[in-house]
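Notes for the one structure printed next.
Not measured: the values here are computed from a predicted model.
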Number of protein chains: 2
Amino acid sequence: MTIARRSTPKSVRTREAIETAAKELFSLNGFDRTTVRDIGARAGIDPSMIIRYFGGKEALFAHVALPDLQLPDLSQADPATIGETMVRHFLEQWEGEQAGGGMPVLLRSAASNEEAAERLRAMFRDQVFPAIARVGPSETAAMRAGLVASQILGLAMARYVLLLPPVVMMSQDVIVRTVGETVQRYATGATGL
Amino acid sequence: MTIARRSTPKSVRTREAIETAAKELFSLNGFDRTTVRDIGARAGIDPSMIIRYFGGKEALFAHVALPDLQLPDLSQADPATIGETMVRHFLEQWEGEQAGGGMPVLLRSAASNEEAAERLRAMFRDQVFPAIARVGPSETAAMRAGLVASQILGLAMARYVLLLPPVVMMSQDVIVRTVGETVQRYATGATGL
DNA sequence: GTTTTTTGCCAACGCGTGTTGACAAAATCA
DNA sequence: TGATTTTGTCAACACGCGTTGGCAAAAAAC
């Protein structure tokens with residue numbers, strides 16, 4: 001009675017079920033508050049399978065929560081609109097179905113999981129900083145990138161983790177315009193050094 | 001041989017030792033990763049005392065991590081400089097010895113402890129929002145306050161939780177100037193709606 | 001049709017957790 | 001001094017956690 005789908009052996013389907021359940025729960029509750037038993041229950045399989053398939057809880061987390069939040073092509077963005085471009089790309093990345101909410105996972109876990117925190121730092125170091133460095137004096141690049149990071153980070157915290165009502169309700173367009181303007185000022189050093 | 005300090009019975013001194021140790025550990029590791037055994041060890045007493053004195057781990061957390069992060073007098077701040085004033089007050093509050101780092105505690109725990117998250121929301125609702133509402137049109141007050149909150153929140157996350165190097169190294173003065181300018185623009189609605 | 005491999009469940013382990021109650025030492029009171 | 005309350009320790013509990021090994025059923029291979 002098992003409807004055998006060709007080219008999808010049972011194993012990969014349960015692998016995917018585990019990955020999906022893990023992503024949902026990690027992003028909802030963070031690393032600590034998510035148990036292997038919860039993931040197994042949601043995926044409809046025994047918790048022991050998780051260890052067999054992924055090696056352990058930490059390994060599963062590293063596998064589902066740390067895919068690259070890749071900003072597309074910031075290295076070629078127009079310096080005059082890099083603020084809005086950056087914010088738009090982040091929002092699309094965070095709220096697109098593809099990523100499955102990888103950012104809330106990281107944010108929720110960064111407080112208790114050093115690997116998540118390091119991944120966040122790396123994200124800004126490898127993606128935000130280079131883009132910022134291109135559009136202003138190199139002496140202040142680190143500071144400008146830090147300011148940009150603080151604003152982007154705060155936007156994500158307010159909108160996805162803390163769920164501050166006004167920030168949750170703002171449309172993507174409005175956010176791109178308002179926060180983008182701030183990022184633009186930070187990026188170009190338009191603010192007082 | 002016990003040097004009996006008048007007017008400080010032994011009980012209040014160990015109460016304070018527990019509170020101090022709890023604040024330090026909660027702010028360092030967040031709620032989940034901090035155990036009552038750790039707190040007891042650092043305070044130099046048996047973990048069971050913590051339950052006896054405070055009722056339990058949750059109650060102790062509520063007692064040490066939720067004192068009001070009170071902004072002094074924002075209701076009478078000069079609208080022309082409310083941005084810098086606000087950022088300066090937050091920084092002083094967060095980094096002053098008095099508060100003992102109450103903000104990192106909240107931030108680290110907000111991801112896993114709903115009470116901490118609610119306390120953060122209340123903080124912005126009761127302190128930031130009213131101050132923002134006074135310096136601009138009431139129709140956009142919620143949105144402006146939300147934007148201010150996102151920037152303030154991100155600053156705290158970057159500086160205290162994620163420890164992003166450039167943000168950690170910035171002096172209070174520079175932060176007050178740069179971030180203050182952003183908050184000023186958000187607060188007064190100088191940005192595009 | 002028989003063997004072998006895959007896929008899964010079950011029971012249990014070792015450990016760390018918050019919490020409790022019984023009891024000893026110290027301080028306080030009479 | 002003797003009685004009583006305070007302050008603290010100790011051992012143990014019940015529970016939930018990640019993880020393990022053994023075994024049944026299904027699938028695949030021969």
Item to check | Under-4.0 Å salt bridge between E118(B) and R121(B) | outcome: yes
Please give, in whole Å, the distance from [N] [atom2] to [X] [atom1]?
X      : N       : atom1 : atom2 : value
L60(A) : dT19(D) : CG    : C1'   : 14 Å
D32(B) : dC17(D) : CG    : C1'   : 13 Å
L25(A) : dC17(D) : CG    : P     : 12 Å
I39(A) : dC17(D) : CD1   : P     : 11 Å
R13(B) : dT6(D)  : CZ    : P     : 18 Å

Checklist entry - In terms of ring plane angle, is the pair F61(B) and F31(B) parallel, tilted or perpendicular, where the classes change at 30° and 60°? => result perpendicular
Checklist entry - Ignoring hydrogens and angles, are the base of dG18(C) and the side chain of R37(B) linked by a donor-acceptor pair under 3.5 Å? => result yes
Checklist entry - Near DNA chain D, under 4.0 Å by heavy atom, which residues of residues 44-59 of chain A? => result S48(A), I51(A), R52(A), G56(A), K57(A)
Item to check | Over-ring placement of R144(A) relative to F129(A), 6.0 Å and 45° cut-offs | outcome: no
Item to check | salt bridge (Lys or Arg N to Asp or Glu O under 4.0 Å) assessment of E84(A) paired with R177(A) | outcome: CA-CA 6 Å; E84(A) 292 201 0; R177(A) 219 177 313 134; 5.9 Å; no
Checklist entry - Considering heavy-atom distances to DNA chain D, does V36(A) or T14(B) have its closest nucleotide positioned more toward the 5' end? => result T14(B)
Checklist entry - With sequence neighbours left out, what residues match T81(A) under side chain to side chain donor-acceptor pair (under 3.5 Å)? => result none
Next on the checklist: By the side chain to side chain donor-acceptor pair (under 3.5 Å) test, which pairs, at least two apart or in different chains, include something from residues 152-171 of chain B?
Outcome noted: E95(B)-R159(B), E95(B)-Y160(B)
